Amino acid sequence: MEASPCSVISSLAICVMVLVAAAASSASAQVGVNQSSIALISELNITRDDFPSDFYIGVGTAATQTEGAAEEEGGGPSVWDHRAKMLPGSIPNSDKFPFAIDGYKRYKEDIKIIKDLGVNGYRFSISWSRILPQGSLRGGINQRGVDHYNSLINELKRNGIEPFVTIYHFDMPQALQVKYGGYLNSKFVQDFQDYSDLCFKLFGDRVKHWFTINEPSSLAVYGYEIGIAPPGRCSLPEGQCGLGAPPPGTCIVPAGPCFGGNSSTEPYIAAHNLILAHAAVVKLYREKYQEEQKGEVGIVLAATYFAPFSKSQEDKAAAKRLFDFTLGWFMEPLVFGDYPRSMRDLVKERLPTFSAEEKSLLSGSLGNFVGINYYSSAGAKHRPPPPTEKLRHSFDSWAEATAIPDVSGVSNSNWPQGLQKLMNYVKNKYQRPQVYISENGYTNTRNDSRSLHERLYDPHRASYIARHLYRLNKAMKNGANVKGYFYWALFDDVEWGLGFSLQYGLYYIDFGNNYKRYPKLSARWFRDFNNKNY
Ligand code: GAL
């Protein structure tokens, strides 16, 4: 099966899953693959004991994707709750969005499931507007929201599961969006800092691993360049391709609808403020909490491994630039204090600049680690910006991400070797930082005509995990400083703008039967792996 061209852009499923048709047609091909998947796993001969005992193997979720009940018990809406309400046509089954998978109410049951998987870490996010309904401290703290996360964290600790908390996972409080335009405005930095401060103060006695912001690149590009995520700002004409085109026929994601904005400049401004916000929170944690709480803080970045499409010098340079415009966009400022040279040269005056004071704050402000969300690899081809297109992030790198010619494997969106290579790249380029694989997951399209048995039969997912762990282990033996791996996702949950149409979960949810959770074959395999049962 071939890698989908969509999967090369980023980890965010909004992109990966748009090729629903491709994935659906791959379902029949998987029948053949399935038989061999389990055999393949045992051939790899990878076990839990190949990883150090203090290595975290966990599962991940995020508040919007699981909790539901956003506005119950005093919580306020996020930008995603607002979008589901105001633009119901933009999200399949948007009527189900407000309930997600009922995780807010079922957290105790869900922790039993996590425990049963034999994992030692759980990554989840705090809903900002659940504890600060107006987004800022001045708008008041919702004690019931705080109580909820206290109970969740306590229950995890009681069960010996280490909480890994994402402070901000795509769910900006709608109140701040309305008040000043969210992170397009530099006022965001102070509010994010206040909110993070509150999280450290409330939960930091028990939470020792903090992820500040999840995938700032997705926030910037999807929200401000192509408008498929809130706040839906972009300046692309109706019907125009958002990601992927030209050449003709390669549109991956159609843009918009656009609610004002400027696709050429705003993604860079948004990212700029997110970088400064992360750095401010790292400084705060270091100065105010770290000594006493003895925890760690880092960011989560989406990363694709880019291999030159051909041996030409042009494609080699294109691969470098694609790294710069994705991972480097955030890593370079946070490690070295400024944007990559190629971005400064190509984006020119559209790229905001850091003051000397900001540069010195930024340099060394990655935190204690970087979380990497890895789903796929891509080939890099030299491509000048098309003359008919407005300059914007997708074209600014003079490079095109495309399917890798020699991809082999069982998923349309993965390349395990790429994970190993990526770890090597990160180690060499960024001073061997500590890394968590904060997301890595396999998806299939939801297909309501399948029987329950078929829905639970996913050896390809088990094989996907095993092959990535195998490659990760090789990277570690080669010196990569990796401390954990979190499978995405624990459940089939809300896949943002794609609703429930894509399924990443180890567990299937039966909506018709009171959200009953069913373990898939992959969950059973993962449990055996973690419990060293084979
Ligand atoms: C990531 C995102 C997750 C999940 C995942 C699956 O970009 O952080 O929330 O949606 O993609 O595609």
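Just so you know, these numbers come straight off a predicted model, no measurement behind them. Just follow the structure's listing: the first ligand is 1, and inside any ligand the first atom is 1.
The distance criterion of under 3.5 Å between nitrogen or oxygen atoms is met by Asn214 with respect to ligand 1.
Ion pairing between Lys105 and Glu67 fails under the 4.0 Å rule for side-chain N and carboxylate O.
Tyr305 and Phe323 have their aromatic ring centers within a separation under 6.0 angstrom. A ring-centre distance under 6.0 Å is found for Tyr168 and Trp128. Phe164 and Tyr56 have their aromatic ring centers within a separation under 6.0 angstrom. Note: Tyr285 and Phe200 meet the aromatic proximity criterion, with ring centroids under 6.0 Å apart.
The heavy atom nearest to atom 5 (C) of ligand 1, considering only Tyr222, Trp496, Tyr375, Phe170, is found in Tyr375.
Counting the atoms of ligand 1 from 1 in the order shown, those under 4.0 Å from a heavy atom of Gln65 are 3 (C), 4 (C), 9 (O), 10 (O). Remark: ligand 1 atoms within the under-4.0 Å shell around heavy atoms of Glu495 are 4 (C), 6 (C), 10 (O), 12 (O). Those atoms of ligand 1 with a heavy atom of His169 less than 4.0 angstrom away are 2 (C), 3 (C), 8 (O), 9 (O).
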